[in-house]
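One structure below.
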Amino acid sequence: MPVSSMAPLIAFVFGIIAIPVVLSIARQLGLYAVVRERESQVFTLFGKVIGTLDEPGLRFPIAYFGPKALLVAFFGKRYLVNTALRQYYLRDLMVNSEEGTPMGVGIWYEMQVCDPVAYLFTNANPEGSLQANVASSTISTLSNLEMDKMLEDRHQLSRKVRATVSPLSEKWGYKLGSVYIRKVAFTDRQMVDNITEKVVKRLIQVTSAMKQDGENRVGLIKSETAFKVSQKMAEAAATRPRVVGEALNEIAREDPETLAAVMEVMETEQLIASGAEVDVLPRDAQVLVSVGAAGRGASASGAAASGLSLDPSVFS
């Protein structure tokens with residue numbers, strides 16, 4: 001195959017190999033820079049900061065910093081700073097409550113670089129300093145607080161910790177995001193068992209009180225119901241005499257003889273229902289009725305109920 005026919009293939013292969021190499025050399029020389037999302041590039045020359053690139057995309061440092069940008073590759077340095085939001089969680093920070101109870105606190109927080117130059121050169125270990133600052137602020141804020149407030153007011157305490165840390169963190173080139181106290185726990189196992197026992201006893205007490213209250217309410221409802229039922233039964237029982245009395249009054253006005261017969265029948269029924277002994281005598285019999293001393297003050301029906309005695313001398 002003639003060499004002239006292979007020239008395009010050789011040029012293609014050479015271009016594939018040479019272009020990345022040329023681009024890499026150009027990048028090392030500082031002819032261009034690729035800035036990624038959530039990233040900043042800080043350029044220094046002879047130990048001094050000449051500028052920062054923080055807009056994503058293809059950038060040409062010479063257009064921003066002038067010809068001195070070409071000297072960065074030889075006498076300076078380029079720093080890559082991640083400006084994305086980062087999250088951290090600090091576990092088991094030891095604090096003491098006002099009652100002297102040792103507590104373990106877990107705090108979650110966010111941080112983001114806002115000033116890459118200050119982040120790089122103001123503090124040698126900014127992330128470690130931030131953790132130490134958050135931990136010390138948490139301990140100072142939560143120490144010697146009442147246990148109830150420490151367990152219940154975590155939102156307010158979290159805002160207080162953030163307000164304490166934020167001014168110092170901004171001087172170090174980053175800003176503190178959300179701060180939240182996620183966990184407040186007891187570190188003494190015996191204390192945990194004691195609190196658990198107290199909670200169980202309290203639950204039993206509350207349950208018993210609720211049960212007793214329910215029984216009292218049920219008893220009250222039953223008594224009220226029984227009272228209303230007895231009242232209605234009494235009203236119903238009083239209705240019958242009233243109706244009978246009205247009927248008898250009406251009979252007395254229209255037919256007195258019928259009323260007398262009814263009263264006699266009613267008296268006879270009462271006498272029979274009493275179970276008293278009754279002696280029946282002929283109409284023409286002459287008898288002397290003697291009533292005992294116990295029945296002297298009683299009525300005629302009472303005398304009949306207590307018994308009758310005949311004097312034998314009458315028949316002589």
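Quantities reported herein were computed from a predicted structural model and do not represent experimental measurements.
- Within 6.0 Å of atom CD in Glu235, more than 12 heavy atoms from other residues, nucleotides or ligands are found, so the atom counts as buried in its surroundings.
- Residue Leu80 is not grouped with residue Val34 when hydrophobic side chains (ILVMFWY) are merged at heavy-atom distances under 4.5 angstrom, including chains of intermediate members.
- Residues Gln41 and Val81 have side chains not in contact (no heavy-atom distance under 4.5 Å, counting atoms from C-beta outward).
- Using a distance-only test at 3.5 Å, with no hydrogens or angles considered, a donor-acceptor pair links the side chain of Thr44 to the main chain of Lys77.
- A salt bridge between Glu224 and Lys228 is absent, with no side-chain N of the basic residue lying under 4.0 Å from a carboxylate O of the acidic one.
- At a threshold of 4.5 Å between side-chain heavy atoms, the hydrophobic network of Ile, Leu, Val, Met, Phe, Trp and Tyr places Leu142 and Ile139 in one connected group.
- Note: Tyr79 and Tyr119 fail the aromatic proximity criterion, with ring centroids not under 6.0 Å apart.
- Transitive grouping of hydrophobic side chains (ILVMFWY, heavy atoms separated by less than 4.5 Å) keeps Tyr88 and Leu85 in distinct clusters.
- Because its NZ or CZ atom is not both nearer than 6.0 Å to the ring centre of Tyr64 and within 45° of the ring axis, Arg59 does not count as a cation-pi partner of that residue.
- Using a 3.5 Å distance cut-off with no hydrogens or angles, the side chains of Glu127 and Tyr174 do not pair a donor with an acceptor.
- Minimum interatomic distance between Leu31 and Pro61 (heavy atoms only, all atoms of both residues): O-CD, 3.9 Å.
- Not a single donor-acceptor pair under 3.5 Å links the side chain of Ser143 to the backbone N or O of Ser140.
- Take Glu37 and apply the side chain to side chain donor-acceptor pair (under 3.5 Å) test, not counting sequence neighbours, and it matches no residue.
- Taking each heavy atom of Ser223 and Leu220 in turn, the nearest pair found is OG-O, 2.7 Å.
- Proximity of a side-chain donor or acceptor of Gln112 to a complementary backbone N or O of Thr83 within less than 3.5 Å is detected.
- Nearest heavy-atom pair across Ala118 and Gly173 is CB-CA, 3.7 Å.
- Between atom OG of residue Ser158 and atom CH2 of residue Trp108 there is a gap of 10.0 Å, rounded to the nearest 0.5 Å.
- Side-chain atoms of Asn133 never come within 3.5 Å of backbone atoms of Ser129 as a donor-acceptor pair (strictly under, hydrogens ignored).
- Remark: side-chain polar atoms of Arg162 are paired, donor with acceptor, to backbone N or O of Gly177 under 3.5 angstrom.
- Every residue two or more places apart in sequence or in another chain that forms a side chain to side chain donor-acceptor pair (under 3.5 Å) with Glu110 is listed here: Gln87.
- Here Tyr180 pairs with nothing under the side chain to side chain donor-acceptor pair (under 3.5 Å) rule; sequence neighbours left out.
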